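Just so we're clear, the structure is a prediction, and the values are computed from it rather than from any experiment.
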There are 2 protein chains.
Amino acid sequence: MLHVAEAARVSVATVSALINGTATVSPELSQRIEQAIRDIGYKRNAIARSLKMGTTRTIGLTVPHITNPFFTDVVSVIQQAFDRAGYAVMLCCTDEDLNTQDDQIKLLLDRMVDGLIVARVGDGAILKRIVDDANVPVVLLDRICKGVDTDAVVLDNQRAVFDAITYLINLGHRRIGYITGTSDISPMHDRMAGYREALHAAGLPIAEELIRFGNFHEIDGYNATMQMLSSHDRPSAIFSANNPMVIGTMKAIRDIGLSCPEDISVACFDDFPWSDVFQPQLTTVAQPVQAIGEQAANLLLDRLAGNRDAPPRKLVLKGRLMIRNSCRPLGAIAQSMSA
Amino acid sequence: MLHVAEAARVSVATVSALINGTATVSPELSQRIEQAIRDIGYKRNAIARSLKMGTTRTIGLTVPHITNPFFTDVVSVIQQAFDRAGYAVMLCCTDEDLNTQDDQIKLLLDRMVDGLIVARVGDGAILKRIVDDANVPVVLLDRICKGVDTDAVVLDNQRAVFDAITYLINLGHRRIGYITGTSDISPMHDRMAGYREALHAAGLPIAEELIRFGNFHEIDGYNATMQMLSSHDRPSAIFSANNPMVIGTMKAIRDIGLSCPEDISVACFDDFPWSDVFQPQLTTVAQPVQAIGEQAANLLLDRLAGNRDAPPRKLVLKGRLMIRNSCRPLGAIAQSMSA
DNA sequence: AACGCTAATCTAAACGTTTCGATCATGTCA
DNA sequence: TGACATGATCGAAACGTTTAGATTAGCGTT
């Protein structure tokens with residue numbers, strides 16, 4: 001900018017005024033300055049600007065796994081929204097690890113991001129502290145934390161799983177396996193509650209051996225399914241509360257020599273583009289990814305626009321059960337349906 | 001830092017020296033400074049540091065679509081690599097649009113990223129100019145550009161498709177449909193060359209009506225497949241040169257009342273985690289995503305470590321044909337196999 | 001006792017912006 | 001004609017660091 005000013009024989013203040021339109025500058029000087037900018041190929045240095053202005057027009061976004069299609073879709077939507085608003089997005093994958101998450105959030109705050117969208121991991125205590133003394137707006141995505149009182153957009157997970165399990169029960173299933181991630185994060189907790197609620201509402205007992213915990217990866221789903229299917233009294237249906245784990249479930253079913261839906265019904269959380277093309281076509285709980293991403297972006301953009309003092313807003317969206325052909329009716333119901 | 005210096009009754013230079021370990025500071029002052037840092041909760045401002053140092057320890061990464069599992073996987077690997085090296089990653093999705101890409105690269109350069117990994121889009125001319133006068137190292141990912149002479153990591157696309165098509169030919173297929181993205185990007189161009197080369201090597205004619213262009217999306221694959229299957233002399237096999245489009249192909253096959261592989265064989269580029277679980281299990285060309293991501297990251301990290309003047313390095317990796325059950329033998333070959 | 005050497009510390013200038021307040025023409029009005 | 005408002009431009013400080021070079025203190029040599 002100094003060079004531009006010199007070339008145009010004006011002060012840097014005038015150049016700045018012209019570029020930002022913060023003051024009127026005469027047509028004559030405007031022209032000289034614009035010419036100089038072109039000649040020199042001047043680009044404003046956003047870092048210097050950020051330092052002076054205290055704002056970077058950059059936000060931080062952390063997700064546990066970017067290879068999980070649910071997060072991929074949401075990230076994509078969020079990215080587009082901020083792109084439109086002239087913000088850059090720094091993406092971090094925490095790999096479902098608490099320390100990684102803390103490090104990355106610190107890294108983002110060091111870089112003075114203007115805001116944060118966090119699909120958090122683990123206990124919220126450290127997150128809360130970090131966020132409290134950095135003074136940036138935060139939106140919680142998909143997963144809320146006790147004690148962290150900020151904007152959030154989440155699914156009504158309990159209801160969604162309640163519906164899915166009830167569907168299985170109505171098909172005649174009585175022993176329904178349930179594979180979940182560690183329940184220290186809210187969606188897993190709430191989904192489990194939906195499972196229990198559905199069984200309870202139907203007057204069915206809860207068999208603890210049918211509830212298996214994994215760590216969100218395919219291999220965890222595989223192992224959990226293997227265990228369940230190897231037992232003497234195996235379930236007639238399995239619900240996987242997490243998207244990548246269902247792949248493991250399907251592999252285990254195949255490897256053990258069973259087939260879905262003939263021998264065992266499967267449903268899971270999160271929809272895929274390919275769910276209704278390949279066999280079996282999975283019955284899933286679809287999340288409104290577009291809405292989730294947009295709402296999260298809007299909440300943050302609203303704070304960034306200056307609306308700092310409004311009370312925390314929590315948006316709860318509804319899932320949708322996509323019924324396909326991976327679940328079979330059982331017993332009397334199957335009889336009556338085939339009759 | 002000023003506050004810390006005051007609280008510890010030292011100069012800011014000493015604080016800086018201690019934090020960065022750039023000079024020895026006495027145990028006594030060290031202790032006072034550390035205490036002050038804790039008391040005040042001081043965090044170094046990375047923006048101010050970047051301004052002074054001329055480096056942001058941030059890199060830019062642009063991909064056409066983050067919802068494409070291939071890019072998702074590569075992004076994930078790259079992200080991890082830079083995370084380990086203490087770099088942040090700014091991710092941009094260009095949505096396969098040239099203007100968007102140019103805008104985003106400008107945005108990244110404005111923010112003084114130290115380097116760029118680009119899975120480019122469209123003509124490389126503007127990219128080249130932008131990159132030339134910003135003086136940052138660039139690594140081209142997946143797609144190279146004529147005229148842009150930088151580090152790159154790509155697949156041997158021609159060979160990979162040659163192998164896949166030759167496999168189909170060996171199964172007895174003679175009319176093989178080919179669905180591709182617009183061929184102005186190198187992988188699409190090279191893959192097409194592989195297709196033509198394979199047919200040519202087998203002495204088969206190239207039927208131009210069996211080659212269809214789409215825009216990388218599911219719907220494009222759907223339409224292209226619909227057209228091919230509606231013709232009087234439809235192909236016995238279809239190869240989709242792009243990952244999301246194959247979903248469209250499968251949907252079209254279903255909607256037209258055919259089934260794969262009984263009525264038509266299908267193979268495609270890029271592997272999925274679910275490819276070998278659901279039916280039909282797709283025969284695919286798997287890219288070594290881990291290696292691609294790591295190599296790209298390494299190339300850039302090497303430049304960032306100061307190795308600026310080495311000549312451009314181009315890494316060409318090999319794809320692997322994953323043979324599953326979505327392709328059926330045909331004619332005499334089928335006879336002899338069943339015999 | 002004067003000197004030089006080393007180690008520890010500090011002063012102050014930079015990095016490239018933004019912006020407040022000052023300056024300076026110019027024209028208007030009493 | 002002088003006072004004054006207006007509009008355009010500029011000077012310089014500030015944002016929070018890093019760092020070159022200056023300063024100081026301590027200590028062993030000669």
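- Using five terminal pairs a side, the axes of the helix from dA1(C)-dT30(D) to dA30(C)-dT1(D) at its two ends make an angle of 70°, given in steps of 10 degrees.
- Protein chain B touches strand DNA chain C; the 5'-most and 3'-most nucleotides with an atom under 4.0 angstrom of its non-hydrogen atoms are dA8(C) to dG16(C).
- A search for side-chain contact (heavy atoms from CB on, under 4.5 Å) contacts involving Asp97(B) returns Asn99(B), Thr100(B), not counting sequence neighbours.
- Within the structure, the salt bridge (charged side-chain N to carboxylate O under 4.0 Å, His left out) test picks out no pair touching residues 1-14 of chain B (sequence neighbours left out).
- Ala305(A) meets the side-chain contact (heavy atoms from CB on, under 4.5 Å) test with no other residue; sequence neighbours excluded.
- Across all strands shown, Met1(A) has heavy atoms under 4.0 Å from base atoms, whether or not it also approaches the sugar-phosphate.
- Among pairs with a residue in residues 81-92 of chain B, those fulfilling side chain to side chain donor-acceptor pair (under 3.5 Å) read Gln104(A)-Asp83(B), at least two apart in sequence or across chains.
- Listed by chain and number, the residues in a side-chain contact (heavy atoms from CB on, under 4.5 Å) with Asn215(A) are Glu96(A), His217(A), Asp220(A) (sequence neighbours excluded).
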**Prompt:** Along nucleotides 6-14 of chain D, 5' to 3', which nucleotides get a B, which get an S, and which get a -, given that the test is a protein heavy-atom distance under 4.0 Å?
**Reply:** --SSBB--B
Side chains of residues 47-56 of chain A: which donor-acceptor pairs under 3.5 Å do they make with residues two or more places apart or in other chains?
{"from": "Arg49(A)", "atom 1": "NH2", "to": "Asn20(A)", "atom 2": "OD1", "distance (Å)": "3.3"}
{"from": "Ser50(A)", "atom 1": "OG", "to": "Ala46(A)", "atom 2": "O", "distance (Å)": "2.8"}
{"from": "Ser50(A)", "atom 1": "OG", "to": "Thr55(A)", "atom 2": "O", "distance (Å)": "3.2"}
{"from": "Thr55(A)", "atom 1": "OG1", "to": "Asp114(A)", "atom 2": "OD1", "distance (Å)": "3.3"}
{"from": "Thr55(A)", "atom 1": "OG1", "to": "Asp114(A)", "atom 2": "OD2", "distance (Å)": "2.7"}
{"from": "Thr56(A)", "atom 1": "OG1", "to": "Met112(A)", "atom 2": "O", "distance (Å)": "2.6"}
{"from": "Thr56(A)", "atom 1": "OG1", "to": "Asp114(A)", "atom 2": "OD1", "distance (Å)": "3.3"}

For nucleotides 22-27 of chain D, which of its nitrogen or oxygen atoms have a protein nitrogen or oxygen under 3.5 Å away, and what is each distance?
none

Report all side-chain donor-acceptor pairs from residues 64-76 of chain A shorter than 3.5 Å, counting only partners two or more places apart or in another chain.
{"from": "Asn68(A)", "atom 1": "OD1", "to": "Phe70(A)", "atom 2": "N", "distance (Å)": "2.9"}
{"from": "Thr72(A)", "atom 1": "OG1", "to": "Ile66(A)", "atom 2": "O", "distance (Å)": "2.7"}
{"from": "Thr72(A)", "atom 1": "OG1", "to": "Asn68(A)", "atom 2": "O", "distance (Å)": "3.1"}

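- Every residue two or more places apart in sequence or in another chain that forms a side-chain contact (heavy atoms from CB on, under 4.5 Å) with Pro288(A) is listed here: Leu155(A), Ala291(A), Ile292(A), Leu317(A).
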